[in-house]
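Below: the structure, in structure tokens.
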Amino acid sequence: MDQISVNGGARLAGEVRVAGAKNSALKLMAAALLAPGRTVITNVPRITDIAIMAQVLDRLGCTVDFVDEPGPDGTPSPVREVVIDVPETLGTEADYDLVRRLRASIAVLGPLLARCGYVRVAHPGGDAIGSRGLDMHVAGLARMGADITGEHGFVIASAAGGLRGATIWLDFPSVGATENLLMAAVLAKGVTEIDNAAREPEIVDICAMLTAMGARIEGAGTSTLRIEGVAELRPVVHATIGDRIVAGTWAYGAAMTRGDVTVTGIDPAYLEIALDKLRTAGCEVTTSQDHFRVRMDERPRSVDVVTLPYPGFATDLLPMAIGLAAVSEGASLVTENIFDGRFMFVNEMARLGAEIKTDGHHAVVRGRERLSGAPVRATDIRAGAGLVIAGLCAEGVTEVGHVHHIDRGYPNFVADLRALGVEVHRSAAPPDVIG
Ligand code: EPU
């Protein structure tokens, strides 16, 4: 396992382009299953999770090819085109060996049930950020007429007579449940209404692709999705929207390191609250249609943050909010409302000298002028990136182990850091670090 080491005292400065959003591209790949033929998805990030999703589709009988899109000079292209050939007859089983490595593979449940009337997907279980249930996916599909059981670690769903439209109220605007139900509903008989639906930009992106495929969807980006089922869909070429979480990582990195970063390839409207918090912290933030710039000349002032479903502050930026709070002047209250285990990484932040006290889903962070470099370990994708950025604000060297987590969500992370002026090394970790 590799580790990334950085020297403290660095300042992020320059321009960085973000690739397509992981959490969009993964679901767009699952949506491709809905139409036999050749779907092409562009602006797909070069990350491990995408490679695993390609394996999931491959096991279902698809042929998946990657084509490099032109990258910056000398670096591997951070984005690729994914070409997915979907057969008329699909496999119906997603095994645990792949599902456990990629929770998002549960996104094949809805499309496979809609296309094949039967599906057997391994239950993904929880992960390092929390328990992550499936009850809303299951209840929604059952309302659409599916028989669903759980056996030997698998979710087994069948709808012999086909799925039918239904009104579904979600207890919580779950991203994954909204996506699964949406992808099942596009081929169901009749009208489905999903109330309290998730409104994330990635959901809007899937709706755009499904609509281009011939689906009839109203209300994308609102809490009520109305879907009129159609008999069949056609394959399309679709470009993935930019990754707002990667963009937000660079934005918070600029604020924490008193830097000056322009982030391109992203609609700043996806990050309104996160950027507003940076303004409150003292940053100068300028936006235009497809890029933004964050500049910071002083020590950040503390800001309170509450994570919520979109358009609230994204839970995936929580490690960046904690990092910012750790070097700000004053105390910040950070509240997490989405994942029960999201604070697990704060012990690693504490190793860098961050003063953090958690109580349930709240964390009080007392800012320090400087953190202190130490060996730490990434516990999930976002925590990993957050720890590296925090290391830039620490005296001495910070070594972040388990960086395979970062590879799951950040294409070219090290190259981007270098482009922003950071001296950074990636190497195989000694055994005492990887543990
Ligand atoms: N939940 C249930 N029952 C359900 C569905 C969800 O209890 O049936 C709970 C979960 O346990 C969790 C909360 O609801 O506590 C939110 O879950 P949601 O379904 O909204 O999230 P997800 O689809 O599992 C996606 C992203 C996450 C991101 C969240 C929230 C993908 C592949 N993952 O997860 O991204 O944090 O939405 O925005 O799209 C990441 O990229 O690092 C990441 C974790």
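Remember, it's 1-based here, ligands and their atoms both numbered in the order they're listed. Just so we're clear, the structure is a prediction, and the values are computed from it rather than from any experiment. Only this structure's heavy atoms are used, side chains among them; waters, hydrogens and symmetry mates stay out.
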Exercise. Is the closest N or O pair between Gly176 and ligand 1 shorter than 3.5 Å?
Worked result: yes
For this session: Look only at interatomic distance and state if Ser174 has a nitrogen or oxygen under 3.5 Å from any nitrogen or oxygen of ligand 1.
Result: yes
Seminar exercise, completed: Note: heavy atom closest to atom 31 (C) of ligand 1, options Ile106, Val246, Asn23, belongs to Asn23
Problem set entry | Shortest protein contact, atom 21 (O) of ligand 1 (heavy atom only) | Phe339 CZ, 4.0 Å
Problem set entry | Where ligand 1 meets Phe172 - atom numbers and elements under 4.0 angstrom, heavy-atom basis | 13 (C), 14 (O), 16 (C)
Exercise. Going by atom types alone, do Ser77 and Asp68 pair a side-chain donor with an acceptor below 3.5 Å?
Worked result: no
Seminar exercise, completed: Here the atoms of ligand 1 under 4.0 Å from any heavy atom belonging to Ala104 are 32 (C)
Problem set entry | Ligand-side contact atoms (ligand 1) for residue partner Lys22, heavy atom cut-off under 4.0 Å | 40 (C), 41 (O)
Exercise. Within the structure, does Gly133 bring an N/O atom to less than 3.5 angstrom of an N/O atom in ligand 1?
Worked result: yes
Exercise. Does any N or O atom in Ile338 lie less than 3.5 angstrom from one in ligand 1, N or O only?
Worked result: yes
Problem set entry | atom 30 (C) of ligand 1 - nearest protein heavy atom and its distance | Thr315 CG2, 3.9 Å
Exercise. Which atoms from ligand 1 have a heavy atom of Arg103 less than 4.0 Å away?
Worked result: 24 (O)
Problem set entry | Asp195 side chain to Thr224 side chain, donor-acceptor N/O pair below 3.5 angstrom | yes
Problem set entry | Identity and distance of the protein heavy atom lying nearest atom 3 (N) of ligand 1 | Asp135 OD1, 2.5 Å
For this session: Inspect the surroundings of CZ in Arg38 and state if more than 12 heavy atoms from other residues, nucleotides or ligands are less than 6.0 Å away.
Result: no
Exercise. What class does the angle between the rings of His405 and His402 fall in, given that below 30° is parallel, 30 to 60° is tilted and above 60° is perpendicular?
Worked result: tilted
Problem set entry | For atom 8 (O) of ligand 1, the option (of Met136, Arg342, Arg408) bearing the nearest heavy atom | Met136
Exercise. Taking Tyr410 as the fixed residue, which of Val18, Asp416, Ile245, Asp243 is the one that meets the side-chain contact (heavy atoms from CB on, under 4.5 Å) rule?
Worked result: Ile245
For this session: Please say whether more than 12 non-hydrogen atoms of neighbouring residues, nucleotides or ligands are located less than 6.0 Å from CG in Asp97.
Result: yes
Seminar exercise, completed: Residue, atom and distance of the protein heavy atom nearest atom 11 (O) of ligand 1 read Arg132 CA, 2.8 Å
Exercise. When you look for heavy atoms under 4.0 Å from ligand 1, do you find them on the side chain of Lys27, its backbone, both, or neither?
Worked result: side chain
Exercise. Which bit of Tyr310 is near ligand 1, meaning a heavy atom under 4.0 Å away: side chain, backbone, both or neither?
Worked result: neither
Problem set entry | Aromatic ring pairing Tyr252/Phe313, orientation class (parallel under 30°, perpendicular over 60°, tilted between) | perpendicular
For this session: Counting heavy atoms only, name the option from Ile203, Leu308, Leu318, Val175 that's nearest to atom 37 (O) of ligand 1.
Result: Val175
Problem set entry | Side-chain donor-acceptor contact under 3.5 Å, Thr335 with His362 | yes
Exercise. How far is atom 42 (O) of ligand 1 from its nearest protein heavy atom, and which residue and atom name does that atom have?
Worked result: Arg382 NE, 3.0 Å
Exercise. Where does Glu179 meet ligand 1, judged by heavy-atom distances below 4.0 Å: at the side chain, the backbone, both, or neither?
Worked result: neither
For this session: May I have the step-by-step check of salt bridge (Lys or Arg N to Asp or Glu O under 4.0 Å) for Glu202 and Arg244, ending in yes or no?
Result: CA-CA 10 Å; Glu202 294 77 23; Arg244 65 194 162 101; 2.9 Å; yes
Exercise. Do Thr307 and Glu336 meet the criterion of a side-chain donor-acceptor pair at a distance under 3.5 Å?
Worked result: yes
Exercise. Nearest to atom 36 (O) of ligand 1 by heavy atom, Thr307, Asp316, Asp49: which?
Worked result: Asp316
Exercise. Would you call Ile356 and Phe343 a side-chain contact if the rule is heavy atoms closer than 4.5 Å?
Worked result: no
For this session: Just do the side-chain contact (heavy atoms from CB on, under 4.5 Å) check on Asp380 and Arg342 with the steps written out, would you?
Result: CA-CA 9 Å; Asp380 68 80; Arg342 189 105 240 188; 3.6 Å; yes
